[in-house]
2 protein chains.
Amino acid sequence: MTEQYKNHDHILVALDCIIFGFDRSGLKLLLIKRDFEPEKGNWSLMGGFLNRDESLDDAANRILHKLTGLKNVYLEQLYGFGEVDRDPVERTISIAYYALINIRSHDKELMDKYDARWFPIDDLPDLIFDHGEMVKAAKSRLKYRASHEPVGFELLPEKFTMPELQILYEGIYETELDKRNFRRRILSMDILTKTNEKQKKYSKKGAFLYKFNEDKYEEKVDQGDSLTFKPIKL
Amino acid sequence: MTEQYKNHDHILVALDCIIFGFDRSGLKLLLIKRDFEPEKGNWSLMGGFLNRDESLDDAANRILHKLTGLKNVYLEQLYGFGEVDRDPVERTISIAYYALINIRSHDKELMDKYDARWFPIDDLPDLIFDHGEMVKAAKSRLKYRASHEPVGFELLPEKFTMPELQILYEGIYETELDKRNFRRRILSMDILTKTNEKQKKYSKKGAFLYKFNEDKYEEKVDQGDSLTFKPIKL
DNA sequence: CCAAAAGTGTTCACTTTACACCCATGA
DNA sequence: TCATGGGTGTAAAGTGAACACTTTTGG
């Protein structure tokens with residue numbers, strides 16, 4: 001009977017979001033300064049609790065929106081963290097999600113409200129609880145995902161240059177890439193559209209801007225082409 | 001303050017185990033017949049609820065042990081399933097785990113107690129709730145894991161033949177493999193020990209038995225060798 | 001002696017890697 | 001005019017895929 005459901009513990013379910021961003025200086029993580037005890041004043045992932053009437057995905061989206069003002073963002077469930085003492089206040093499990101956002105697109109006011117800051121991925125402060133572990137898992141998942149699907153473009157503006165794309169992949173894979181091999185490989189996938197515009201912000205010669213062509217990509221997937229975005233050794 | 005923790009919903013956290021086994025006829029899944037309403041009499045994954053004083057991993061191990069009598073088994077967290085209406089009785093999220101066990105090693109009495117049965121992976125009955133989705137995710141994760149780490153051996157007895165190993169990988173990848181290419185590839189990894197024994201159960205000539213050499217494997221991992229167990233197309 | 005499964009090498013195509021110089025332009 | 005970042009091709013090595021016959025032995 002439904003007896004089977006009685007007498008079982010009901011537990012707080014948290015969600016924590018690892019939010020990735022990117023600019024030319026590299027991959028970044030959006031962290032907030034926790035404003036309540038315990039660990040008040042320390043850096044933390046953006047989190048919240050699951051409500052009875054929402055799905056895990058909905059809750060993660062709600063929490064991400066609360067900090068960034070963004071909706072319809074790339075968001076993927078990562079892992080359930082469930083050590084008994086992971087939260088000193090109360091038994092809580094946390095389902096971690098990671099998000100990829102365009103670092104220019106989010107709400108600046110909310111940044112202030114939550115005391116949020118972008119940190120370079122390789123220079124993070126100590127994080128509360130098991131959030132450091134979550135970040136580690138997210139980096140590893142992002143490496144995997146980026147080598148199988150074109151998720152990198154989620155981190156870029158609509159138009160971007162080849163050097164920018166390369167810096168992004170170098171950040172994700174934590175390795176340097178040969179630019180000729182990188183360009184050849186990316187272009188041979190035939191999922192980018194080259195525009196006639198040049199970006200002259202970062203060089204005198206200027207670099208051509210490209211757009212990700214989602215339709216072309218979907219077409220290829222439908223045809224069963226397996227595109228890989230594997231790292232290329234320096 | 002810890003006010004932040006009050007007034008949040010406390011929710012039932014379930015765990016469900018996708019249990020893989022293998023014999024020469026292919027990959028198998030261990031399912032139980034549900035003996036309470038709703039969905040009484042229908043096939044289901046082995047599951048249970050998280051207790052306040054145990055970690056997610058501990059709970060999954062406990063549940064796996066309850067059905068199989070086994071401990072120290074390969075068990076990996078898969079995904080958190082959290083649709084609002086996934087369980088019609090009460091709001092429940094479920095963290096799915098998958099296990100790889102030696103199909104000969106588990107407790108037969110418990111099989112009867114739980115009305116459990118092994119099903120061929122490609123001929124499963126309808127499953128309750130979202131368990132079908134869980135199985136799909138587990139198959140996909142197993143493919144991935146098996147192409148990066150030597151998890152296949154978890155499903156085999158200590159000694160096994162090359163043809164058996166090949167049938168196993170064919171089951172995991174859901175594809176047929178060329179036996180010359182398969183053997184070459186596996187043997188070139190240099191992580192198997194050939195015994196002098198032959199298994200004559202399945203052929204007149206007999207097939208040599210091999211053992212997985214865990215020490216050698218660890219050595220290679222430490223040396224940074226990246227071994228891949230990728231599928232080989234027919 | 002034969003049926004049935006185990007075992008064995010080579011070739012070709014393709015992919016990956018390594019590597020160095022010219023171009024365009026603003027200061 | 002020169003410093004800076006953008007852009008380009010080729011050859012060599014390595015990897016993946018295709019493919020067919022011989023061996024062993026119990027019945």
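Chain letters run A, B, ... following the sequence lines, proteins first, then strands; residues in each count from 1.
At whole-Å resolution of the value, CZ in A:Arg183 and C1' in D:dG5 are 11 Å apart. In this structure, the CZ atom of A:Arg185 is 15 Å from the C1' atom of C:dA18, given to the nearest Å. Summarising the geometry, the separation between NZ on A:Lys201 and C1' on D:dT4 is reported as 18 Å, rounded to the nearest angstrom. The CE atom of A:Met189 sits 12 Å away from the P atom of C:dT15 (whole-angstrom rounding). Put simply, CG on A:Leu177 is 11 Å from P on C:dA18, counting in whole angstrom units. Taking atom CD on B:Gln199 and atom P on C:dG7, their separation rounds to 10 Å, with Å as the unit. Atom CZ of B:Phe208 and atom P of C:dA5 are 19 Å apart (whole Å). Between the OH atom of A:Tyr202 and the P atom of D:dG7 there is a distance of 15 Å, rounded to whole Å.
Between A:Phe212 and A:Phe153, the angle of the ring planes stays under 30°, which puts this pair in the parallel group of the 30/60° scheme.
B:Phe81 and B:Phe129 have their aromatic ring centers separated by at least 6.0 angstrom.
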Problem set entry | Contact letters for nucleotides 19-27 of chain D, in which S counts primed atoms plus P, OP1 and OP2 and B counts the base, heavy atoms under 4.0 Å | BB--BBBB-

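Every side chain to side chain contact (heavy atoms under 4.5 Å, CB included) that A:Asn102 has, sequence neighbours left out, goes to A:Arg104, A:Ser105, A:Pro157. Checked against side chain to side chain donor-acceptor pair (under 3.5 Å), B:Glu133 has no partners two or more places apart in sequence or in another chain.
Distance alone, capped at 3.5 Å, places no donor-acceptor pair between the B:Ser44 side chain and the B:Ile128 backbone.
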Problem set entry | Chi angles and distances behind the salt bridge (Lys or Arg N to Asp or Glu O under 4.0 Å) call for A:Lys220, A:Asp190 | CA-CA 9 Å; A:Lys220 283 174 193 293; A:Asp190 192 31; 3.8 Å; yes

